[in-house]
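Source: prediction; values computed, not measured. Just so it is clear, the values below take in all heavy atoms, side chains as well, and ignore hydrogens, waters and symmetry mates.
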Amino acid sequence: MTKTQQVRLARRPLGLPDAETWDLTTEELPALEDGQLLVQVHFISLDPAMRGWLNDVRSYLPPVGLGEVMRSLDIATVIESRHPDFAVGDAVSGVFGVTEYAISDGRGVQQVDLDVAPGPTWLGALGMPGMTAYFGLLEVGKLKAGETVVVSAAAGAVGSVVGQIAKAKGATVIGIAGGARKCRMLTEELGFDAAIDYRGEDVLRRLRELAPKGIDIYFDNVGGDILDAALANLRRGARIVLCGAVAAYNDEQLRPGPSRYMSLLVFRASMTGFVVFDYADRYGEAIDDISTWLADGTLKSREHIVEGGVAGFGETLNLLFSGGNTGKLVLAL
């Protein structure tokens with residue numbers, strides 16, 4: 001028998017999740033049955049989308065149920081197996097949840113090559129954020145060389161990869177981030193052409209200065225006022241890639257919609273939402289390209305790793321909403 005600490009959803013939060021949102025439990029896992037594997041979790045992915053999974057509303061995934069282990073994508077090691085496709089010692093990724101150990105039937109579990117990249121990178125540039133950036137920019141945004149790309153939350157897990165892929169494809173890239181330190185990282189380390197500090201600069205004015213001919217692609221991770229600023233500075237035929245709206249995830253009431261949406265009409269532009277799972281059958285294509293870019297230095301993977309146990313999950317998750325992380329946020333057990 002294996003004992004494991006787990007984080008379960010105790011109540012649905014109003015606003016920012018707090019200590020009362022979570023229960024820390026210790027469970028004893030049963031013996032494996034045929035077709036199952038037991039894994040030890042090493043790295044837990046923390047993502048803004050998790051906040052949406054806590055709401056009892058219709059979405060692209062069902063909400064996490066009260067009393068259920070919090071959903072998360074993890075990197076783990078197989079420590080016992082009665083499954084023909086997995087051997088003891090295999091490094092794997094899967095939705096095992098916020099737990100130290102988990103039993104799986106193998107559905108949705110993928111082997112990962114730690115010689116290609118370390119575990120946290122398989123949750124970042126080679127994980128869901130990288131897949132989101134790749135397909136959002138290239139398939140939804142239909143990027144062409146020479147275009148001007150603006151990305152919000154540009155120092156985050158998705159935005160930082162979006163900007164670097166856009167540069168690799170010959171675009172001019174402007175990132176929007178919070179704070180001078182993050183903006184310096186974008187231009188000095190990741191190769192962005194310019195960065196706007198939304199905390200200290202007028203985003204609308206700076207976009208007009210930096211992109212006087214307008215924006216071809218706006219990759220939106222934030223929503224709110226920054227989306228409106230981008231809408232005010234589109235170029236004819238522009239594409240807005242609607243990936244997320246982290247600025248509103250903890251709001252207790254719905255915000256008004258974009259006030260400048262008529263720019264879509266004026267500039268014959270489009271705004272398209274997408275969910276990365278729609279491209280699951282093509283993840284291998286993205287992994288091949290991103291692995292090559294990582295190997296030759298075209299793309300740099302940034303992970304913000306917090307060491308600790310599963311008990312620290314709630315506090316670590318909230319770094320996403322305070323702007324406390326740079327790059328992919330990972331809890332290392």
**OP:** With rounding to the nearest 0.5 Å, note down the distance linking CD1 in Ile44 to OG1 in Thr99.
**Re:** 7.5 Å
Original post:
Looking at OH of Tyr249 and CG of Leu54, how far apart are the two atoms once the value is rounded to the nearest 0.5 Å?
Top reply: 12.0 Å
Original post:
Can you name the nearest heavy-atom pair linking Leu123 to Pro129, along with the distance?
Top reply: O-CD, 3.1 Å
Subject >> Heavy-atom pair with the smallest gap, counting every atom of Thr326 and Arg302 >> reply: CG2-NH2, 4.1 Å
Original post:
Do Met50 and Pro17 touch side chain to side chain, with heavy atoms closer than 4.5 Å?
Top reply: no
**OP:** Report yes if the side chains of Leu333 and His42 come closer than 4.5 Å at any heavy-atom pair, otherwise no.
**Re:** no
Return yes if some donor-acceptor pair links the side-chain N/O of [X] with the main-chain N/O of [Y] below 3.5 Å, else return no.
X: Thr298; Y: Leu294; answer: no
X: Asp228; Y: Ser259; answer: yes
X: Glu209; Y: Arg206; answer: no
X: Arg82; Y: Leu32; answer: yes
X: Thr121; Y: Ala117; answer: no
X: Asp47; Y: Ala49; answer: no

Subject >> Audit row: Thr25, Asp23, side-chain hydrogen bond (donor to acceptor under 3.5 Å, both in side chains) steps and yes/no >> reply: CA-CA 6 Å; Thr25 66; Asp23 271 341; over 6 Å; no
Subject >> NZ/NE/NH1/NH2 to OD/OE distance under 4.0 Å, Arg184 and Glu189 >> reply: no
Kindly check if the number of other-residue, nucleotide or ligand heavy atoms within 6.0 Å of [atom1] ([X]) is above 12?
X: Asp225; atom1: CG; result: no
X: Glu315; atom1: CD; result: no
X: Arg12; atom1: CZ; result: yes
X: Glu28; atom1: CD; result: yes

Original post:
Does the side chain of Asn250 pick up a donor-acceptor pair with the side chain of Arg51 at under 3.5 Å?
Top reply: yes
**OP:** Describe, in one word, how the ring planes of Phe135 and Tyr283 are oriented to each other, choosing from parallel (under 30°), tilted (30 to 60°) and perpendicular (over 60°).
**Re:** tilted
Subject >> Chi angles and distances behind the salt bridge (charged side-chain N to carboxylate O under 4.0 Å, His left out) call for Glu27, Lys3 >> reply: CA-CA 6 Å; Glu27 307 289 339; Lys3 288 187 176 181; over 6 Å; no
Original post:
side-chain contact (heavy atoms from CB on, under 4.5 Å) with Leu329: which of Ile305, Val306, Leu317?
Top reply: Val306
**OP:** For residues 157-172, pull every pair meeting side-chain hydrogen bond (donor to acceptor under 3.5 Å, both in side chains), keeping only residues two or more places apart or in separate chains.
**Re:** Lys167-Asp193
Please output the side-chain donor-acceptor pairs of residues 147-157 that fall under 3.5 Å, not counting sequence neighbours, one pair per line with the distance.
| unit_1 | atom_1 | unit_2 | atom_2 | d |
| --- | --- | --- | --- | --- |
| Glu147 | OE1 | Lys144 | N | 3.0 |
| Glu147 | OE1 | Arg239 | NH2 | 2.7 |
| Glu147 | OE2 | Lys144 | NZ | 3.4 |
| Glu147 | OE2 | Arg239 | NH1 | 3.2 |
| Glu147 | OE2 | Arg239 | NH2 | 3.1 |
| Ser152 | OG | Tyr218 | OH | 3.1 |
| Ser152 | OG | Asp220 | OD1 | 3.4 |
| Ser152 | OG | Asn221 | N | 2.9 |

**OP:** Go through the steps to decide whether Asp105 and Arg107 satisfy the test salt bridge (charged side-chain N to carboxylate O under 4.0 Å, His left out), and finish with yes or no.
**Re:** CA-CA 6 Å; Asp105 62 6; Arg107 285 182 292 183; 2.7 Å; yes
